[in-house]
Amino acid sequence: MLDTAWVRDHLDLLERALRDRGAQVSLDEFNSLDEARRKVLREVETLKARRNKASEQIAALKKDKKDAAALIDEMRGLGDRIKELDAKVAAIDASLEEWLLTVPNVPHESVPRGKTSEDNVEVRRRGQPRKFDFKPLPHWEIGARLGILDFERAAKIAGARFAVYTGAGARLERALINFMLDLHTREHAYTEVLPPFMVNTKAMIGTGQLPKFADDLFRVEKTDYWLIPTAEVPLTNLHREEFLDGKQLPISYAAYTPCFRSEAGSYGKDVKGLIRQHQFNKVELVKFTVPEDSYETLERLTRDAETVLERLELPYRVVALCTGDLGFASAKTYDIEVWLPSYEAYREISSCSNFGDFQARRASIRFRRGQGAKAEFAHTLNGSGLAVGRTLVAILENCQRRDGSIAIPEALQPYFGGKEIVAT
RNA sequence: GGAGAGGUACCGAAGUGGUCGCAACGGGCCCGCCUCGAAAGCGGGUUGGGGCCUAAACAGCCCCACGUGGGUUCGAAUCCCACCCUCUCCGCCA
């Protein structure tokens, strides 16, 4: 959410930013609401000031055992008028809030301008895509042959876009989760968190999933609970409506959670395999920083996520998303893309973003630099470290052998408890 | 799910209709005095949001907030209603 006063003073800047994003937002609506609000507010506050004065006088009169009937009489009716105007302000406030909650974040100046993912800019590339001396199989075929992935039975018990992992498949997924969590907590100093997998509406508003993107979420019927689409939601909201101690910043959290996404509107996309599922596992990284450090921190967080791929010896590249491809709440995003032989392309496996104070404003996450210092909004960041299912896909496809077996990357072997997966 | 207790500032806690958000009192923290320095003692300070005024202001004036939302009243932390959360006991349950 943007700051009302900031919007008021930076209309031209905001207009340009929204155009870069390709967002449709009416600034006129903001102007008229904002002006109307301040006008009514001035009126009702004047009345309230008079009422407060009169109350004092009535109290003083009564204390001296004098007659206050005249004044009380005069005040009668003022209360109703105030109530009326208060309701008016509340109505305008609600509209203004709705407007503010649906306006996306302003991109950082370092974000490349562009319309679609075509305009994203590759930042770096690590590792070489392997040259196969046989035709590499897509992971769903590998999974079927090895008997470790079962999409048919998943469809039976749940539906499309679900998977059942069995045997070495399930073990590999679990090994990846543990490997990632250990790496980030032991070597990158993140604090491990195991949060609820359902959150309330307030939390979803705090990180920006609501009110705009309800269609992407699963909601638990007859409750105020939503299934989390990413651990970003519970982790960032951990400090909702809190004051953090500036000396404690940055705060870094890492969490494994399943993620639930409706994938509405993605019919026909990635229908085969594990790439796009209603439920998938992810290790998520979340950081809270002071404003002046957040962009430097984004570089570090992205590096932390990349380290997973480096240790697993998987080729990848990092791209800076352009203004048109940026997520709603993000001020700047790097996507990490892993090489997938069956697609002959790099596919997203992590998205690392700096939200600036956008989420902090919505969720009221503030900090003080010291005793008695003024309150400031913290900056929030997050990134996948990594999407576990897609990492498993990358291993199956990149580490497959001619005989159909899988060579487990060395770093993962202690977690997996073996060096390879062979058909049983 | 049932019964009871409670949600007040950084923490504890008082306040049950009248100048109380300059919300008592303790504690903490910050500043000053004292001291060679510290402790003790003494004095002062210590919430957030919004509006007005400003070139701007953490300068001034004003409004709002005592879990949340309504209601009663000239006036609500205080009375009434609904809801949320925490704690204790009972029931059910992995």
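From a predicted model like this one, the values you see are computed outputs, not experimental measurements. The sequence lines fix the lettering, A, B, ..., with proteins before strands; numbering per chain opens at 1.
- For the P atoms, the distance linking B/A59 with B/G6 amounts to 42 Å, nearest Å.
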Next item on the list: For RNA chain B, just give me the dot-bracket, please: Watson-Crick or G-U, both distances below 3.5 Å, ( ) intra-strand, [ ] crossing earlier pairs, | paired with another strand, . unpaired.
Entry: ((((((((.[[[..)..(......]]]((((((.......))))))((((((.......)))))).[[[[[..)....]]]]])))))))....

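- For the pair A/Arg171 and A/Phe416, the distance from NZ or CZ to the six-membered ring centre is under 6.0 Å and the angle to the ring normal is within 45 degrees.
- Identified under the ring pair (Phe, Tyr, Trp, His ring centres under 6.0 Å) test for residues 17-42 of chain A, with sequence neighbours left out: A/Phe30-A/Trp99.
- Residues A/Gln277 and A/Glu263 bring no donor and acceptor atom of their side chains to less than 3.5 Å of each other.
- Minimum atom distance to the side chain of A/Lys83 is reached by B/G71, of the listed B/G18, B/G71, B/C63.
- Rounded to whole angstrom, the span from the NZ atom of A/Lys53 across to the P atom of B/C61 amounts to 11 Å.
- Counting any heavy atom pair closer than 4.0 Å across all strands shown, A/Leu41 reaches sugar-phosphate atoms only and no base atom.
- A/Asp80 is not listed as a side-chain neighbour of A/Glu84, based on a closest heavy-atom distance of 4.5 Å or more.
- Remark: P of B/C52 and NZ of A/Lys48 are 15 Å apart, rounded to the nearest angstrom.
- Straight-line distance from the CD atom of A/Glu43 to the P atom of B/C62: 20 Å, rounded to whole Å.
- Taking atom C1' in both B/U16 and B/C58, the straight-line distance is 37 Å, to the nearest Å.
- Rounded to a whole angstrom, the distance from the P atom of B/G67 to that of B/G7 is 8 Å.
- Distance noted for atom C1' between B/G2 and B/C93: 16 Å (whole Å).
- A/Asn52 comes within 4.0 angstrom of sugar-phosphate atoms only, judged by non-hydrogen atoms across all strands, and of no base.
- Separating the P atom of B/A76 from that of B/A14 is a span of 24 Å, rounded to the nearest Å.
- Residues A/Arg21 and A/Leu326 approach most closely at NH1-O, 3.3 Å, considering heavy atoms.
- Relative to the ring axis of A/Phe358, A/Arg361 does not place its NZ or CZ within 45° and under 6.0 Å from the centre.
- Here A/Arg76 does not reach the OP1 or OP2 of B/G75: none of its side-chain N or O atoms lies under 4.0 Å away.
- Taking atom CG of residue A/Asp93 and atom C1' of nucleotide B/A65, one finds them 14 Å apart after rounding to whole Å.
- Looking at which nucleotide of RNA chain B each of A/Gly77 and A/Phe243 is closest to, the 5′-most match is held by A/Phe243.
- To the nearest angstrom, C1' of B/A65 lies 13 Å from CG of A/Asp86.
- Under 3.5 Å, the side chain of A/Glu45 and the base of B/G50 form at least one donor-acceptor pair of N or O atoms.
- Between A/Glu35 and A/Arg8, no side-chain nitrogen of the basic residue sits less than 4.0 Å from a carboxylate oxygen of the acidic one, so the salt-bridge criterion is not met.
- Ring centroid separation for the pair A/Phe288 and A/His379 does not come in under the 6.0 Å cut-off.
- Remark: A/Arg368 is in phosphate contact with B/G48, judged by side-chain N or O atoms under 4.0 Å from OP1 or OP2.
- For the residue pair A/Leu96 and A/Arg37, the shortest heavy atom distance occurs at CD2-CD, 3.8 Å.
- Taking atom CG on A/Asp73 and atom P on B/C74, their separation rounds to 9 Å, with Å as the unit.
- Within the nucleic acid shown, A/Ala60 has no heavy atom closer than 4.0 Å to any nucleic acid atom.
- A/Arg51 places its CZ atom 16 Å from the P atom of B/G18, with the value rounded to the nearest Å.
- Dashed line: the shortest gap from a side-chain N or O of A/Arg38 to OP1 or OP2 of B/C52 is under 4.0 Å.
- Between B/A9 and B/G48, the distance separating the two P atoms is 13 Å to the nearest Å.
- The shortest distance between the side-chain N/O atoms of A/Arg37 and the OP1/OP2 oxygens of B/G51 is below 4.0 Å.
- Distance CD (A/Glu376) to P (B/G48): 12 Å, rounded to an integer number of Å.
- The C1' atoms of B/C79 and B/C42 are separated by 43 Å, rounded to the nearest whole Å.
- As rounded to the nearest Å, B/U8 and B/C25 have C1' atoms that lie 14 Å from one another.
- Along RNA chain B, the nucleotide closest to A/Glu56 and the one closest to A/Arg42 are compared, and the more 5′ of them pairs with A/Glu56.
- Among the protein residues, A/Arg81 comes within range of no part of the nucleic acid, since none of its heavy atoms lies under 4.0 Å from any strand.
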